[in-house]
Engineer: 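Below you will find the structure I want to go over with you.
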Amino acid sequence: MSTFVKFSMFSYVFFLASTREISLKTEAKECSSSPPNVLVTYYTESNKTKELAGMVVAGAQAEQWSQWGAQASQGKVLLLPIHEVEFQTHVVEWADAVLLGSPAHYGNVAGPLLEQVQRTW
């Protein structure tokens, strides 16, 4: 099952795309036997989106630890700028969930992020 959710944080937008069902409100055993690999990628103009993405990573790591305990080290949370993401390697083969972060321009994602996603994804 694929999931797509849009989060707006002030003037920043984060998108979550998941290749498997991940629910933070259910018990870890119901979701999966191992924690998910999470890719957090972003485009930033003034490093504010990068700072927010770093907070998302910290929250994802804390959530993995709280749900999976010692198994949390099996799941990884990776933070990369959008121009360093290799679609086949990072998105298709590795990630269970992908979060995309961008400044918002008139309610839309920044052009460079949208262009990168449309061109390579």
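All figures in this text were calculated on a predicted structure; none of them were measured in a lab. Both backbone and side-chain heavy atoms feed into the values below; hydrogens, waters and symmetry mates do not.
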Engineer: Keeping the roles fixed (side chain from Asn37, backbone from Lys76), state whether a donor-acceptor pair exists under 3.5 Å.
Structural biologist: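 Side chain of Asn37 to backbone of Lys76: a pair is present.
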
Engineer: Atom CG in Asn108, atom CG in Leu113: separation rounded to 0.5 Å?
Structural biologist: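 Result: 11.5 Å between the selected atoms.
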
Engineer: Looking at Thr49 and Thr44, what are the two nearest heavy atoms and their distance?
Structural biologist: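 What the structure gives for the nearest pair is N-OG1, 3.5 Å.
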
Engineer: Just do the side-chain contact (heavy atoms from CB on, under 4.5 Å) check on Leu78 and Trp94 with the steps written out, would you?
Structural biologist: CA-CA 10 Å; Leu78 183 61; Trp94 184 79; 3.7 Å; yes

Engineer: Under 3.5 Å, is there a donor-acceptor pair between the side chain of Thr41 and the main chain of Ile82?
Structural biologist: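 A pair under 3.5 Å: yes.
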
Engineer: Any donor and acceptor pair, going by atom type alone, linking the side chain of Ser102 with main-chain N or O of Ala110 inside 3.5 Å?
Structural biologist: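 Side chain of Ser102 to backbone of Ala110, a donor-acceptor pair under 3.5 Å: yes, one is there.
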
Engineer: Under the side-chain contact (heavy atoms from CB on, under 4.5 Å) criterion, do Leu100 and Tyr43 qualify, and how do the steps go?
Structural biologist: CA-CA 8 Å; Leu100 302 162; Tyr43 168 77; over 6 Å; no

Engineer: Would you name the heavy atoms of Glu84 and Leu80 that are closest together and state the gap between them?
Structural biologist: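 Heavy atoms only, the tightest pair is OE1-CD2, 3.6 Å.
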
Engineer: Look up atom NE2 in His90 and atom CG in Leu39, then write down how far apart they are to the nearest 0.5 Å.
Structural biologist: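 The CG atom of Leu39 is 7.0 Å from NE2 of His90, to the nearest 0.5 Å.
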
Engineer: If every non-hydrogen atom of Leu79 is compared with every non-hydrogen atom of Gly54, which pair is closest and at what distance?
Structural biologist: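 The pair with the smallest heavy-atom distance is CD2-CA, 4.3 Å.
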
Engineer: How close do Pro36 and Asp96 get, heavy atom to heavy atom, and via which atoms?
Structural biologist: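 Pro36 and Asp96 have their closest heavy atoms at CA-OD2, 3.3 Å.
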
Engineer: For the atom pair CZ (Phe87) and CZ (Arg119), what is the distance rounded to the nearest 0.5 Å?
Structural biologist: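 Between atom CZ of Phe87 and atom CZ of Arg119 there are 13.0 Å.
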
